[in-house]
Amino acid sequence: MNNFFEHTTEIKHCGNDILTCPFLTTMAVDSIRDSCEQIATWETNKRLEYFTHDIHFKVVLPTLYEILTEYLEEEIFPLAMEFWNIDEFKVSDLFAIKYSSDTQTSLGIHHDNSFVSGSVKLNDNYSGAKLHFPRQNWNNKTIPVGHLILWPGNITHQHCCTELEEGEKHSLTIWSKQ
């Protein structure tokens, strides 16, 4: 897995209680995005208030789910726990989201069902579709592909995805529980 993950020893503050660090290599990003497109089992549950067009790794890509979960819990989450001075938390869900003109082009403001949430851009050849935190006046526009951002999921960090203007956006979402 040496060429799958970026070596990370430090997590940095990039917004109001929003953290970032290198996470996935270019090879890993391409592999995850390509796997999702090849499997093409994107689902949309429009019965939910805030639905996404997604692939849940635990069910569809279980080996990848295990690899990502292990690295997050052993290497990344301890850095966030130290930064925020919080107790242990674990991955509860990992899923890829696809924004395109024929699926969904935005996502309304909401909180996640997550203790700490994370997001990773899997491409950047699109316009719009920024992960935006209105209260914190911050978005992920300048965060590089493959870098992880983490934020408190339930209370203070409502967020949305702004309107996709052009292209197709892929991202990885990480939810956790205590």
Side-chain angles (χ1 to χ4, degrees), residues 4-37 42 44 49-57 68 71-72 75-77 79-80 83-84 91 93-176:
F4 203 77
F5 297 105
E6 294 284 354
H7 181 67
T8 303
T9 58
E10 183 180 28
I11 201 160
K12 295 181 180 178
H13 194 254
C14 64
N16 188 352
D17 266 335
I18 301 171
L19 308 178
T20 189
C21 65
F23 179 48
L24 299 173
T25 65
T26 301
M27 183 194 88
V29 166
D30 292 344
S31 176
I32 291 168
R33 193 181 58 250
D34 292 347
S35 294
C36 290
E37 286 301 311
W42 300 96
T44 304
E49 185 175 357
Y50 297 101
F51 63 87
T52 56
H53 191 67
D54 53 42
I55 292 178
H56 287 261
F57 287 20
L68 292 168
Y71 190 80
L72 285 163
E75 303 295 329
I76 305 292
F77 286 2
L79 298 172
F83 187 92
W84 281 317
V91 170
D93 204 358
L94 280 163
F95 53 100
I97 299 176
K98 179 180 179 179
Y99 293 89
S100 68
S101 60
D102 61 339
T103 59
Q104 81 181 88
T105 58
S106 64
L107 183 60
I109 192 159
H110 65 282
H111 283 113
D112 293 334
N113 185 20
S114 173
F115 181 63
V116 171
S117 296
S119 181
V120 180
K121 287 186 205 172
L122 298 178
N123 69 316
D124 62 1
N125 55 340
Y126 60 89
S127 299
K130 291 177 262 186
L131 179 60
H132 177 67
F133 296 81
R135 182 174 184 217
Q136 288 74 24
N137 193 28
W138 187 87
N139 68 56
N140 71 339
K141 182 179 180 179
T142 62
I143 301 297
V145 170
H147 281 229
L148 172 66
I149 60 171
L150 295 169
W151 67 89
N154 272 323
I155 298 172
T156 58
H157 284 65
Q158 281 189 322
H159 56 282
C160 62
C161 181
T162 64
E163 190 71 26
L164 177 70
E165 297 165 4
E166 184 178 44
E168 194 170 273
K169 175 186 177 180
H170 293 87
S171 62
L172 175 65
T173 297
I174 300 147
W175 284 0
S176 73

Between [atom1] of [X] and [atom2] of [Y], what distance do you get to the nearest 0.5 Å?
X    : Y    : atom1 : atom2 : value
L79  : C21  : CG    : SG    : 7.0 Å
S119 : I174 : OG    : CD1   : 7.5 Å
H56  : T173 : NE2   : OG1   : 9.0 Å

| message | According to side chain to side chain donor-acceptor pair (under 3.5 Å), who are the partners of N125, at least two apart in sequence or on a separate chain? | response |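 For N125, the residues satisfying side chain to side chain donor-acceptor pair (under 3.5 Å) (neighbours in sequence not counted) are N123.
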| Got a sec, which residues hit side chain to side chain donor-acceptor pair (under 3.5 Å) with D17, two or more places apart in sequence or on another chain? |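 In terms of side chain to side chain donor-acceptor pair (under 3.5 Å), with neighbours along the sequence ignored, D17 is linked to W84.
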| query | Listed by chain and number, what are the side-chain contact (heavy atoms from CB on, under 4.5 Å) partners of F115, not counting sequence neighbours? | reply |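 Expected list: I86, F89, S176, Q178.
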| said: Which residues pass the side-chain contact (heavy atoms from CB on, under 4.5 Å) test with S101, not counting sequence neighbours? | reply: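 None.
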| query | Where the side chain of T20 meets the backbone of L148, is there a donor-acceptor pair that is under 3.5 Å apart? | reply |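 Flag set: sc T20 to bb L148 pair under 3.5 Å.
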Could you pull out every donor-acceptor pair under 3.5 Å between side chains of residues 150-162 and any protein atom, sequence neighbours left out?
residue	atom	partner	partner atom	Å
N154	ND2	S114	O	3.2
H157	NE2	N16	O	2.7
H159	ND1	H157	O	2.9
H159	NE2	H110	NE2	3.3
H159	NE2	D112	OD1	3.2
H159	NE2	D112	OD2	3.4
T162	OG1	A129	N	3.3
T162	OG1	K130	N	2.8

What I'd like to find out is whether the side chain of [X] reaches to under 4.5 Å of the side chain of [Y], using heavy atoms alone.
X   : Y   : result
F4  : I32 : yes
L72 : L94 : yes
L19 : H13 : yes

| Ring centers of F5, F23 separated by less than 6.0 Å |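 Centroid distance F5-F23: below 6.0 Å, so yes.
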| message | My understanding is that only residues two or more places apart in sequence, or in another chain, count here; which of them pass ring-ring contact (aromatic ring centres under 6.0 Å, His included) with Y99? | response |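 Counting only residues at least two positions away or on another chain, Y99 forms no ring-ring contact (aromatic ring centres under 6.0 Å, His included).
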